[in-house]
Amino acid sequence: MTIKTKLARTLAAALCLATLPAFAQETGDPGPAYVQQSLAGKKVVLIPLALGFDLAQGWNHYIGSEVRGFGGVWETRDPNWDTAAGAQAITDLISSADKPAALLVHTPDLTSYSKLFKRAQDAGIFVIQVDNRSNFASDAFVGSNWETLGELEAKAAVAACGDGSSKKIGLIQGDQVNSSSLDQYAGIAKVLKDHPDFELVGAPDSNWDVTTARNVATTLLQQHPEVCAVIDFWDNTAAGTAAAIRDAGLTGKVKLVTTGGGEELDCKALEDGTFHAVVMTDVKGQSRDISALLKFLLQSGLKPGQAKSWIYTLETATTKADLKPGTCWSLKDVQAAEAALAK
């Protein structure tokens with residue numbers, strides 16, 4: 001083989017290599033291994049007020065999907081509205097040989113679980129309070145700034161009354177021990193103080209029961225049929241208040257404002273005029289916040305009790321005019337997805 005032939009072949013080989021695609025080189029990113037080491041196998045437990053309503057089912061699905069996705073273990077405990085049963089569930093988890101890495105708790109009131117939260121942290125368990133806060137500042141609270149939410153409701157009610165002759169507003173509160181109810185009232189009172197021409201004519205408690213809401217709303221409307229708006233502190237009980245407004249023949253005259261988790265029923269109630277406005281607490285958004293917070297805490301090297309965070313959901317008062325595709329999430333879709341997982 002001549003030197004000229006060898007040179008030609010060498011040149012051809014070089015040209016062929018130059019046309020081959022470049023293969024990606026590993027960058028040495030430590031992230032995936034650290035995430036795997038920090039998160040895989042970590043148990044996270046949700047303890048809502050009860051599992052049988054939209055908020056809890058939404059959190060269970062959206063946060064549970066994230067936890068399972070990062071290789072964690074996801075569990076729930078269902079107190080079914082029984083505070084003592086919820087306390088027992090927390091106690092059992094603290095003393096369990098297989099302790100969770102984190103507890104997500106929907107607290108029933110300001111005091112019942114406070115000492116248990118401290119015990120959980122002392123046992124090495126992160127505690128994130130969801131939606132309702134207690135008077136113990138645990139590792140984090142994720143949910144509404146309920147005073148701000150009350151302000152949004154009150155502003156929506158004042159706007160709904162407009163320039164009409166009536167300036168009377170009624171409230172259907174939750175109770176006198178739950179932070180969401182107490183702080184909501186404080187926010188409403190703050191706005192009405194800036195509108196002295198408006199009068200608060202009644203504020204009975206529903207105790208978070210739809211039948212009780214209907215009964216106390218009926219009484220309020222009988223005593224004050226001239227009210228221009230009623231603010232109910234929860235969309236579930238607002239269904240009872242709406243029934244009372246309908247029974248009194250005041251549909252369209254009395255505007256109903258409430259708060260809710262943004263499930264499809266809220267959008268339907270806005271569309272058909274049952275609700276005038278809903279301040280939506282955004283279950284999907286809260287679930288993303290909680291999932292991100294879990295990932296951070298479990299990787300951070302922090303110990304439970306070393307730091308505190310409050311992550312408030314960004315909210316607005318949504319009316320029929322604001323509705324668009326995707327405004328609300330579907331409980332039916334969530335239930336179908338959970339049923340598929342169970343198979």
Side-chain angles (χ1 to χ4, degrees), residues 49-50 53-55 81 108 132 144 146 149-162 164-189 191-192 195 198-263 265-281 317-320:
L49 294 176
F53 71 114
D54 59 352
L55 291 177
W81 304 105
N132 294 333
S144 300
W146 286 98
L149 188 149
E151 292 177 22
L152 291 169
E153 287 178 313
K155 290 175 182 177
V158 168
C161 291
S165 58
S166 174
K167 301 290 184 181
K168 295 183 178 182
I169 293 176
L171 306 183
I172 307 297
Q173 300 187 81
D175 58 33
Q176 299 304 307
V177 296
N178 188 298
S179 62
S180 67
S181 188
L182 297 169
D183 292 342
Q184 239 178 124
Y185 184 93
I188 292 167
V191 169
L192 293 184
H195 294 272
F198 280 81
E199 179 185 359
L200 186 60
V201 297
D205 294 338
S206 69
N207 293 312
W208 311 112
D209 177 73
V210 64
T211 301
T212 303
R214 183 172 187 168
N215 292 338
V216 297
T218 296
T219 301
L220 188 152
L221 294 170
Q222 287 172 346
Q223 295 172 343
H224 304 282
E226 73 282 9
V227 296
C228 59
V230 174
I231 302 173
D232 190 299
F233 283 18
W234 185 28
D235 59 355
N236 191 301
T237 51
T241 300
I245 292 171
R246 183 179 62 249
D247 293 345
L250 295 172
T251 300
K253 296 179 181 179
V254 176
K255 307 297 185 183
L256 180 55
V257 176
T258 189
T259 180
E263 202 276 324
L265 287 178
D266 285 337
C267 282
K268 289 177 181 176
L270 288 169
E271 286 174 354
D272 66 22
T274 301
F275 296 160
H276 173 75
V278 182
V279 182
M280 297 183 184
T281 57
T318 301
T319 65
K320 182 177 181 178

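When a residue number appears, it is its place in the shown sequence, counting from 1. Remember, predicted model here, so these are calculated numbers, not experimental data.
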Residue pair [X] / [Y]: nearest heavy atoms and the distance that separates them:
X      : Y      : result
Leu270 : Met280 : CD1-CE, 4.0 Å
Gly174 : Asp205 : O-CB, 3.6 Å
Ala238 : Thr258 : CB-OG1, 3.7 Å
Leu256 : Ile245 : CB-CD1, 4.2 Å
Leu55  : Gly261 : CD2-CA, 3.7 Å
Ser144 : Thr281 : OG-CG2, 3.2 Å

About how many Å separate [atom2] of [Y] and [atom1] of [X], when rounded to the nearest 0.5 Å?
X      : Y      : atom1 : atom2 : value
Asp183 : Ile188 : CG    : CD1   : 11.0 Å
Ser181 : Ile172 : OG    : CD1   : 11.0 Å
Trp208 : Asn178 : CH2   : CG    : 5.0 Å
Asp247 : Leu221 : CG    : CG    : 9.5 Å
Ser166 : Glu199 : OG    : CD    : 9.0 Å
Trp234 : Gln173 : CH2   : CD    : 15.5 Å

Exercise. Could you tell me whether Lys167 atom NZ has more than 12 heavy atoms of other residues or ligands within 6.0 Å of it?
Key: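 Yes, because the 6.0 Å sphere around NZ of Lys167 holds more than 12 heavy atoms from other groups.
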Exercise. Determine whether more than 12 heavy atoms belonging to other residues, nucleotides or ligands lie under 6.0 Å from atom OH of Tyr185.
Key: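 No - once you tally the heavy atoms of other residues, nucleotides and ligands closer than 6.0 Å, there are 12 at most.
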Identify every side-chain donor-acceptor pair in residues 271-279 under 3.5 Å, counting partners at least two apart or on other chains, and give the distances.
residue: Asp272; atom: OD1; partner: Thr274; partner atom: N; Å: 2.9
residue: Asp272; atom: OD1; partner: Thr274; partner atom: OG1; Å: 2.6

Self-check item: Ring centroid separation Trp146 to Phe233 under 6.0 Å
Solution: no
Quiz item: Do Asp232 and Thr241 meet the criterion of a side-chain donor-acceptor pair at a distance under 3.5 Å?
Solution: yes
Quiz item: Under a 4.5 Å cut-off applied to non-hydrogen side-chain atoms, are Leu171 and Gln184 in contact?
Solution: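 When only atoms from C-beta onward are counted, Gln184 and Leu171 do not touch, as no gap falls below 4.5 Å.
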Quiz item: Just wondering, do Leu265 and Asp54 contact through their side chains at under 4.5 Å, heavy atoms?
Solution: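 No - every pair of side-chain heavy atoms lies 4.5 Å or more apart.
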Practice problem: Scan Leu192, Val254, Val257, Val201 and name whichever one has a side-chain contact (heavy atoms from CB on, under 4.5 Å) with Ile169. | Solution: Leu192
Quiz prompt | Gly150 backbone acceptor or donor facing Lys155 side chain under 3.5 Å | solution =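 Side chain of Lys155 to backbone of Gly150, a donor-acceptor pair under 3.5 Å: no, none is there.
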